[in-house]
Structures are given as structure tokens and as C-alpha cells.
Amino acid sequence: MHDNSGEPTATPHPRVCELCGTAIHRTSQVSGRVRDSSWIHPYDSEQDGERLLAACSPGHLDQLRQRYRRRPFVKEELWAGKIDRALRAQPDLDEEELADVTGLNFIQIEHALTWESERFLEERAARGGHEGPDGGSGRPNTQGLN
């Protein structure tokens, strides 16, 4: 395989069906796009929220599409992903730079950060985490129980 410069390029790894895990060859792959607020493209913000699915058959692609139709599209999740991508690339962005890089306004950024904080607290509560007297999680606060 060669790129436009004539230099050899690496052979791409075969894709696998996202439903059953079967290796699929590029020529037999069935693919389609679905809305998914958790999907953030590594560098192209125009593709954020649009996941490309790969399947070994039209039936498996239909089943995958059904799964994503049942999953709610949460704008705040998408915005949080855009913020995360921007801060991974440039950790020292101020609020205005963050807005410029992500294309979000200040209200969207605030909503995304609130959404992420709520998810963090829900996950911690689901794991049974507690805030201890010294601020460490995972230890129950027993002050005043004696």
C-alpha cells in the first residue's frame, strides 16, 4: 500500500464487527453513522456526535443502530467531550480561549462542567464512596457517631 507520495504505508488493521467481534475485511464491511453524544472525533469537531459503526452484516448494523437509538443524545455530554479534547491538547487554556477552541459559549461550557460533576458524584455514590474527615474518598465519615 502506498500514499500519494509513493512511500509505503502500514497495512491497516482489520476492523471487527462492533456487535459480535468478528474480524471483517474492508470489502465486506457494512457501515453507517449514528448520533452519539459520547463520540468525540480525535481532531475534527465537525464529526463530533456522529459515530461511524462497522458491522459484518446488515442485520448486525441494524441491531447496533437500534442500540444507539435507545441511548439518549445528551448535549452536555457532547460539550464535555469537546472541552476534554481541547484541554488535552492545550491544558492551560483560559475561559475565552476554551470557548474559541471548542466553539462553545460560556453557558454551554458551564452546563457541560456541571453535567460532568454530577456524573462524577453519581458514579462515586454508586461505588459506595464516602467523603472522610480528611477529604479522602472511600472512607465513611464517622465524626459524631460515638
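Along the sequence shown, residues are numbered consecutively beginning with 1.
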Legend entry - Stepwise salt bridge (charged side-chain N to carboxylate O under 4.0 Å, His left out) check, E18 with R67: CA-CA 11 Å; E18 295 178 43; R67 284 185 181 179; over 6 Å; no

Legend entry - side-chain contact (heavy atoms from CB on, under 4.5 Å) evaluation trace for R71 with S38: CA-CA 10 Å; R71 186 185 191 282; S38 72; 3.6 Å; yes

Legend entry - L78 vs F73, side-chain contact (heavy atoms from CB on, under 4.5 Å): CA-CA, chis, key distance, verdict: CA-CA 8 Å; L78 180 68; F73 189 91; 4.0 Å; yes

Inset, instruction - Dump the intermediate steps for side-chain contact (heavy atoms from CB on, under 4.5 Å) on L104 and I83, then the final yes or no. - result: CA-CA 9 Å; L104 302 173; I83 292 167; 4.0 Å; yes

Inset, instruction - Assess whether side-chain contact (heavy atoms from CB on, under 4.5 Å) is satisfied between R33 and R51, documenting all intermediate values. - result: CA-CA 5 Å; R33 293 194 178 275; R51 180 184 293 273; over 6 Å; no

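Shown here is E95, whose CD atom has no more than 12 heavy atoms of other residues, nucleotides or ligands within 6.0 Å. Heavy-atom contacts from other residues, nucleotides or ligands closer than 6.0 Å to CD of Q66 number more than 12.
Scanning all heavy atoms of the two residues, the minimum distance from Q108 to G103 falls at OE1-O, 4.4 Å. Closest heavy-atom contact between C56 and C20: SG-SG, 3.8 Å. Nearest heavy-atom pair across V101 and A86 is CG1-CB, 3.6 Å. Between H111 and W79, the shortest heavy-atom distance links the atoms CB-CZ3, 4.0 Å. H60 approaches C17 most closely through the heavy-atom pair ND1-SG, 3.4 Å. Of all heavy-atom pairs spanning A55 and L61, the tightest one is CB-N, 3.6 Å.
Remark: side-chain polar atoms of T102 are paired, donor with acceptor, to backbone N or O of L98 under 3.5 angstrom. Judged purely by atom type and a 3.5 angstrom limit, E118 has no side-chain atom pairing as donor or acceptor with the backbone of W115. Looking at R85, its side chain does come within 3.5 Å of a backbone N or O of H41 through a donor-acceptor pair. A distance-only check finds no donor-acceptor pair linking the side chain of E116 to the backbone of L113 [under 3.5 Å].
Note on V34 and L19: same hydrophobic cluster, where clusters join Ile, Leu, Val, Met, Phe, Trp and Tyr whose side-chain heavy atoms are under 4.5 Å apart, directly or indirectly. When the side chains of ILVMFWY residues are joined at heavy-atom separations under 4.5 Å, either directly or via intervening members, Y68 and V30 end up in a single hydrophobic cluster.
Annotation: the span from I40 atom CD1 to E77 atom CD amounts to 8.0 Å, rounded to 0.5 Å. Interatomic distance, D84 CG to K82 NZ, rounded to the nearest 0.5 Å: 12.5 Å. Between D36 atom CG and D48 atom CG the span is 11.0 Å, to the nearest 0.5 Å.
Salt bridge annotation for R119-E76: absent, with no cationic side-chain nitrogen under 4.0 angstrom from a carboxylate oxygen.
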